[in-house]
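So the structure is just underneath, and the comments pick up after that.
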Amino acid sequence: AYTGRMDVIPDGALFAEPPSVDGPPGWGDAPYVVIQLAGDMPDVRYGKRPDVFAAAVAKEIERLMADHPDFRCLLLPNVHSDVKLAAQCVEALDDRLRRTRVAVGSCDTGPEGWKSAYGLHRNAQAVFAMRFHANVVSVGLGVPVTGLSSHHKVAGFYREMGLEDRCTVLDPGNLEAAVEAAFRQLNSDLEPAAAARVRERQRQARNAERQKLKVFHSGLCEWLSARL
């Protein structure tokens, strides 16, 4: 009964505007993808097999980089537990690749840290993301993003946005298949025409949510005005 009377409004991160941030030193203008992995709750996310998951991601990064030899790959932790999983992934990579075309971003959890992290999302050609706000911000910025959901709120976000096909649900019993499916979409997003279609879909979804927020604010103002 209560849920039917509650207004559902979008997360403010959908409208975040972080400043543009350059990629790692030495990359120059090289195009790159962001890979954002979630390292906490490994028993729930990965069936206590984070090493298997990291190896599967590393295999797909190698394949992606082989298909796009001019690209770079930036693993971008959001919180401290993500750093360990990123390191496991890098450890599983081909040595030459990790020395020349793969980097791990800093983990700044201070009040201004989101600006540098998501500023890197802004300049990426595409994003692969697990954490909720990494997905929300990327959709809002219009950067083609592939969600990998190991928590119901990530899949729920894509469903609410009408972008359900942009999210793969991670099955701890078959980690490799889910990672492969998600990277297949990420790879397709690097084709310019496909990327343009995704950007437009995300733009329309964001605008629809902004309109929903405006209607809510208008109704709230009317309610308050009648009582103050």
Side-chain angles (χ1 to χ4, degrees), residues 8-24 31-41 45 57 72-83 85-86 103-170 182-183 185-186 189-190 194-214 216:
V8 178
I9 59 174
D11 190 294
L14 189 62
F15 312 111
E17 294 289 348
S20 180
V21 175
D22 292 335
Y32 65 89
V33 297
V34 164
I35 308 294
Q36 191 285 304
L37 307 176
D40 60 335
M41 302 190 298
R45 298 185 193 274
V57 171
R72 305 291 188 269
C73 178
L74 176 62
L75 284 90
L76 201 55
N78 278 189
V79 300
H80 74 279
S81 59
D82 300 346
V83 176
L85 187 60
V104 179
S106 64
C107 180
D108 182 356
T109 56
E112 298 296 310
W114 71 273
K115 293 181 179 179
S116 58
Y118 294 132
L120 288 163
H121 282 233
R122 178 186 284 279
N123 285 341
Q125 297 299 306
V127 172
F128 171 102
M130 294 186 68
R131 292 204 173 277
F132 181 72
H133 283 112
N135 283 282
V136 174
V137 173
S138 296
V139 168
L141 290 174
V143 179
V145 55
T146 293
L148 185 67
S149 176
S150 56
H151 192 286
H152 65 86
K153 65 183 179 181
V154 174
F157 164 70
Y158 279 92
R159 189 165 52 250
E160 286 290 327
M161 295 291 291
L163 299 169
E164 191 170 5
D165 59 303
R166 301 289 307 165
C167 181
T168 299
V169 176
L170 184 63
F183 267 83
Q185 179 170 272
L186 177 66
D189 287 344
L190 300 183
R197 290 192 295 269
V198 175
R199 290 177 185 276
E200 178 59 19
R201 285 186 66 197
Q202 292 181 191
R203 185 190 68 81
Q204 291 180 7
R206 180 180 188 262
N207 288 347
E209 291 299 300
R210 185 178 290 281
Q211 183 59 34
K212 183 187 299 183
L213 190 60
K214 288 181 178 179
F216 171 76

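Side chains included, hydrogens not; waters and symmetry mates left out as well; all remaining heavy atoms used. For clarity, every value in this text was computed on a predicted model and none was experimentally measured.
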Would you say [X] and [Y] make side-chain contact, with heavy atoms under 4.5 Å?
X: L148; Y: C167; answer: no
X: L170; Y: S149; answer: no
X: W114; Y: N78; answer: no
X: L75; Y: L37; answer: yes
X: V154; Y: M130; answer: no
X: D82; Y: V79; answer: yes
X: F216; Y: V8; answer: no

- Item | Lys/Arg cation over aromatic F15: R206, 6.0 Å, 45° cone | no
Which heavy atom of [X] sits nearest a heavy atom of [Y], and at what distance?
X: A134; Y: Y118; answer: N-OH, 3.5 Å
X: R122; Y: S20; answer: CD-CA, 4.0 Å
X: L141; Y: P18; answer: CD2-CD, 3.8 Å
X: A126; Y: D189; answer: CB-CB, 4.3 Å
X: Q185; Y: D165; answer: OE1-O, 3.1 Å
X: L120; Y: G23; answer: CD2-CA, 3.9 Å

- Item | Test log, rule side chain to side chain contact (heavy atoms under 4.5 Å, CB included), inputs F128 and V33 | CA-CA 8 Å; F128 171 102; V33 297; over 6 Å; no
- Check: D108/S116 side-chain N/O donor and acceptor closer than 3.5 Å: no
I'd like to know if the side chain of [X] and the backbone of [Y] have a donor-acceptor N/O pair within less than 3.5 Å.
X: Q36; Y: R131; result: yes
X: D40; Y: S81; result: no
X: R199; Y: P144; result: no

- Message: Whether K153 and D11 form a salt bridge (side-chain N of Lys/Arg under 4.0 Å from carboxylate O of Asp/Glu) is what I want to check.
- Response: no
- Below 4.0 angstrom, N of the basic side chain to O of the carboxylate: do E200 and R197 qualify? no
Give, for atom [atom1] of [X] and atom [atom2] of [Y], the distance between the pair rounded to the nearest 0.5 Å.
X: I9; Y: L14; atom1: CD1; atom2: CG; result: 11.5 Å
X: L76; Y: H121; atom1: CG; atom2: NE2; result: 4.5 Å
X: D22; Y: N123; atom1: CG; atom2: CG; result: 7.0 Å

Table please: side-chain donor-acceptor pairs of residues 157-164 below 3.5 Å, with sequence neighbours left out.
{"from": "Y158", "atom 1": "OH", "to": "N135", "atom 2": "OD1", "distance (Å)": "2.6"}

